[in-house]
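Please read the structure below before turning to the comments.
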Number of protein chains: 2
Amino acid sequence: MYSMTTSAVPAPRGPVTRKDVARFAGVSTAVVSYVVNGGPKKVAPATEAKVQDAIRVLGYRPNAAARALKLGSSETLGLIVPDISNPFFSLFSHAVEDAAAALGYALVLSNSDGNLAKERRNVRNLAARQVDGVLLASVLFEPDLEALETADIPSVLLNQERDAPGFNSIGVDLAAGARIAVEHLIGHGHANIGLAMGTNVSGSTDGREVGWRQALQEAGLPEGPISYSAFTRPGGYVAGQRLLASVNRPTAIFATSDMQGIGLLRAIHEAGLSVPGDIAVASFDGSADSEYSWPPLTTVEQPVAAMAEAAVAALVGASRGEKPRHRIFPTKLHIRQSCGCP
Amino acid sequence: MYSMTTSAVPAPRGPVTRKDVARFAGVSTAVVSYVVNGGPKKVAPATEAKVQDAIRVLGYRPNAAARALKLGSSETLGLIVPDISNPFFSLFSHAVEDAAAALGYALVLSNSDGNLAKERRNVRNLAARQVDGVLLASVLFEPDLEALETADIPSVLLNQERDAPGFNSIGVDLAAGARIAVEHLIGHGHANIGLAMGTNVSGSTDGREVGWRQALQEAGLPEGPISYSAFTRPGGYVAGQRLLASVNRPTAIFATSDMQGIGLLRAIHEAGLSVPGDIAVASFDGSADSEYSWPPLTTVEQPVAAMAEAAVAALVGASRGEKPRHRIFPTKLHIRQSCGCP
DNA sequence: TTGAAAGCGCTAACAG
DNA sequence: CTGTTAGCGCTTTCAA
């Protein structure tokens with residue numbers, strides 16, 4: 001109806017600004033700010049009502065860019081993952097988005113495709129966009145965060161096993177997780193346990209390999225065959241083929257990711273072998289895929305939601321001046337059928 | 001070394017702005033803009049070099065918020081999906097991010113969790129953030145886009161089978177895709193083909209159900225049993241259990257998503273039946289999961305990358321004044337082993 | 001309790 | 001070819 005009446009305050013042509021609201025409500029723009037933000041000044045109830053009305057009638061929506069410019073904060077977090085279509089990262093992203101949204105932050109997502117140049121480009125891009133924090137699952141152990149530092153933007157490194165000094169980081173106890181899985185396999189009586197190890201760029205040995213070795217050593221067992229390949233389904237598939245062809249074929253295999261585990265299952269099935277009858281399998285991550293493979297995979301679950309929340313909290317904390325720290329989360333063994341349990 | 005020398009141009013304390021660069025290079029701020037944006041005015045090569053130097057030395061990064069405020073464009077696209085951890089959407093998101101990045105847009109991701117209220121909140125939030133376009137895989141057939149319309153922000157509806165007038169939309173030919181899959185199953189000699197149908201809120205019958213029925217009718221075959229359940233792994237699992245227990249147990253089942261297909265496989269395996277020996281299976285989507293299930297699923301592939309590109313292009317086109325349209329993409333049958341092919 | 005006004009960093013019209 | 005300058009919409013200090 002408003003558009004049909006002649007009014008002292010005509011509907012503005014373009015997008016509605018705070019000025020339009022002020023004019024419509026007969027107050028100053030400052031007052032509009034006060035009611036929109038609930039402060040920093042108190043507003044008389046009657047005035048507030050007028051303003052709320054004007055906002056509703058005009059369909060006013062604050063301009064986030066202007067706010068970001070003024071405040072130097074975009075209420076936005078950036079997330080860089082190698083590949084969002086990797087189930088682990090998509091699960092993680094969802095959890096991060098939830099945690100961010102709960103705090104009023106939007107999430108800008110970018111994929112690095114495991115490509116260092118792209119990762120750096122993404123970091124810079126996020127820095128330029130004045131995000132309030134960046135979560136980075138880096139290709140590297142100590143990534144180049146200079147763009148963020150000079151812009152004073154906090155960051156958290158994801159999937160970080162070790163403490164990278166000066167970095168906020170979060171990770172899971174890889175070695176402990178791998179160990180419980182391998183110990184469980186040993187408990188089933190296996191004495192020749194192979195490893196389908198994912199490859200990463202970081203120089204040092206992955207904790208999952210360490211854990212596998214520890215479990216074997218402690219049980220006085222020799223090391224089974226190892227195959228290094230990508231942390232992916234095809235990677236696991238290839239590793240499976242190689243492991244099955246090795247001179248001393250293992251009776252059980254630990255895969256360092258669910259994706260590899262699934263690839264492994266395919267290789268084993270194709271070879272006409274049964275799981276867990278001929279070969280038992282356990283993997284790492286605890287993604288939904290592992291529950292619906294055949295047979296369902298016994299896997300080491302990462303506490304994704306807790307890690308996401310902690311990562312977001314670390315970002316928010318960092319902007320409040322808390323100092324960088326490294327947080328390690330425990331894992332939990334999910335026993336299903338691929339290990340030989342009924 | 002710059003920090004060690006006394007200079008007429010001290011390093012600025014806070015973040016470096018265009019003003020600092022101008023001062024350092026001994027030019028005006030306008031000139032800095034011209035070189036940063038490559039226009040709209042030409043700059044003498046020598047001057048440009050000085051500016052580029054200053055930018056490098058100072059580590060200058062343009063403030064996106066200020067730019068967005070000035071230009072009324074954030075160079076950002078919004079994407080709302082029900083659940084990023086659904087492999088179809090994560091694949092799609094990756095493709096969207098690629099397409100967006102190629103055009104210089106960042107991507108803000110949000111999950112609606114299939115929840116209408118959350119979807120609306122996300123739409124509004126994106127509108128307030130002045131994104132330049134929104135891609136929405138809605139819960140509804142005709143979602144509430146008012147917040148976007150009043151802000152003059154273009155949008156594209158994803159996964160939209162039919163033309164919703166006035167909306168930009170993109171979808172796949174569901175019925176045709178389902179038909180080729182079911183026809184393929186028929187070609188294997190199956191005469192009792194069941195349907196594991198995903199449930200959605202839209203009132204009308206899903207094209208995949210239509211296609212299944214069409215193929216059957218054209219072949220003069222009776223309709224097999226149907227089970228309605230969620231488009232998820234658990235959904236497919238339950239559908240599988242029900243279908244296997246039905247009075248006239250089908251010899252083949254068409255699942256309307258890969259996730260359902262995978263759940264279905266689990267139900268069949270648990271029942272001690274073999275695929276495709278006892279029951280053949282085909283599904284829909286063409287996600288990576290379908291390739292590594294056991295047996296690998298014959299599936300109807302959606303051209304995700306092409307759709308993502310078209311969706312982003314539609315957004316950009318819309319802001320150039322192109323009128324809304326509905327784009328349908330063809331599917332392609334990926335033959336693997338679950339249907340009975342060798 | 002409310003208002004006026006100074007910018008946040010950037011772009012681009014306009015003037016030189 | 002380069003510089004000056006007026007805002008974009010918002011927050012917040014300072015004054016009334």
Side-chain angles (χ1 to χ4, degrees), chain A residues 12-52 54-55 58-75 127-132 150-152, chain B residues 12-52 54-55 58-75 127-132 150-152:
Chain A
R13 52 268 162 285
V16 182
T17 76
R18 176 223 44 191
K19 205 173 187 171
D20 300 313
V21 175
R23 200 173 356 237
F24 190 99
V27 300
S28 79
T29 59
V31 173
V32 179
S33 258
Y34 301 151
V35 351
V36 167
N37 304 328
K41 294 280 175 59
K42 292 239 60 148
V43 174
T47 316
E48 162 144 22
K50 272 194 302 183
V51 173
Q52 294 288 18
I55 289 176
L58 264 20
Y60 170 68
R61 227 167 284 293
N63 181 318
R67 197 183 147 86
L69 175 58
K70 184 68 188 174
L71 269 357
S73 152
S74 56
E75 317 265 84
R129 285 169 183 276
Q130 335 293 131
V131 298
D132 297 322
T150 67
D152 220 31
Chain B
R13 51 269 161 292
V16 182
T17 76
R18 178 222 45 189
K19 206 173 187 172
D20 300 315
V21 175
R23 199 170 1 234
F24 190 98
V27 300
S28 81
T29 60
V31 172
V32 179
S33 258
Y34 301 150
V35 351
V36 167
N37 305 328
K41 293 281 173 56
K42 292 238 61 149
V43 174
T47 317
E48 161 143 23
K50 271 192 304 183
V51 174
Q52 293 287 18
I55 288 177
L58 264 19
Y60 169 69
R61 229 166 284 294
N63 180 319
R67 200 183 143 85
L69 175 58
K70 182 69 187 172
L71 271 351
S73 150
S74 56
E75 317 264 83
R129 285 169 184 275
Q130 335 292 132
V131 298
D132 297 322
T150 67
D152 219 31

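The basis for the numbers below is simple: all heavy atoms, side chains too, and nothing from hydrogens, waters or symmetry mates. Treat the numbers as computed from the prediction; the structure is a model and nothing was measured. Residue numbers start from 1 in every chain, and the chains themselves are labelled A, B, ... in the order their sequence lines are given, proteins ahead of strands.
Using a 4.0 Å heavy-atom criterion, one finds that B/V32 contacts no nucleic acid atom at all. Within 4.0 Å (heavy atoms only), B/A44 reaches sugar-phosphate atoms of the nucleic acid but no base atom. Note on A/R18: a base of the nucleic acid sits closer than 4.0 angstrom, heavy atoms only.
Going from atom CZ of B/R23 over to atom P of C/dC10 covers 13 Å, rounded to whole Å. B/L71 has its CG atom 14 Å from the C1' atom of C/dA13, to the nearest Å. Following rounding to the nearest Å, B/K50 (NZ) and D/dC1 (P) show an atom-to-atom distance of 14 Å. The CZ atom of B/R129 sits 18 Å away from the P atom of D/dG9 (whole-angstrom rounding). The CD atom of A/E75 sits 20 Å away from the P atom of C/dC8 (whole-angstrom rounding). Here the P atom of nucleotide D/dA6 and the CG atom of B/L69 are 17 Å apart, to the nearest Å. The distance between atom CG of B/D20 and atom P of C/dG9, rounded to the nearest whole Å, is 8 Å. Taking atom CG of A/N37 as the reference point, atom C1' of D/dT12 lies 10 Å away to the nearest angstrom.
Contact annotation: the side chain of A/N37 approaches that of A/R67 to within less than 4.5 Å [non-hydrogen atoms, C-beta and beyond].
A donor-acceptor pair under 3.5 Å is formed between the side chain of B/D132 and the backbone N or O of B/S74. The backbone N or O of B/E75 lies less than 3.5 Å from a partner atom in the side chain of A/R129, making a donor-acceptor pair. With hydrogens and angles ignored, the 3.5 Å screen pairs a side-chain donor or acceptor of B/D20 with a backbone N or O of B/T17.
Position along DNA chain D of the nearest nucleotide to B/E48 versus B/T29 favours B/E48 as the more 5'-ward residue.
Between A/T17 and D/dG9, a side-chain N or O to OP1/OP2 separation shorter than 4.0 Å is absent. Using a 4.0 Å cut-off, some side-chain N or O of B/S33 falls inside it from OP1 or OP2 of C/dT11. When the side-chain nitrogen and oxygen atoms of A/R67 are compared with OP1 and OP2 of D/dG9, none of them lie within a distance under 4.0 Å. Phosphate proximity of C/dC8 to B/N63: absent, as no side-chain N or O sits under 4.0 Å from OP1 or OP2.
Considering B/N63, B/V21, B/I55 as possible partners of B/V16, the one that fulfils the side-chain contact (heavy atoms from CB on, under 4.5 Å) test is B/V21.
The structure places CZ of A/R23 at 13.0 Å from OG of A/S28, a figure rounded to the nearest 0.5 Å.
In this structure, the nucleotide among C/dG9, D/dT11, C/dA13 sitting nearest to the side chain of B/A30 is C/dA13. Among the nucleotides D/dC1, C/dC10, D/dT11, the one closest to the side chain of B/T47 is D/dC1. The side chain of B/A66 has C/dG9 as its nearest neighbour among D/dC10, D/dT4, C/dG9.
A donor and an acceptor atom never sit less than 3.5 Å apart when one is taken from the side chain of B/K19 and the other from the base of C/dG9. The base of C/dG3 lies close enough to the side chain of A/Y34 for a donor and an acceptor atom to sit less than 3.5 Å apart.
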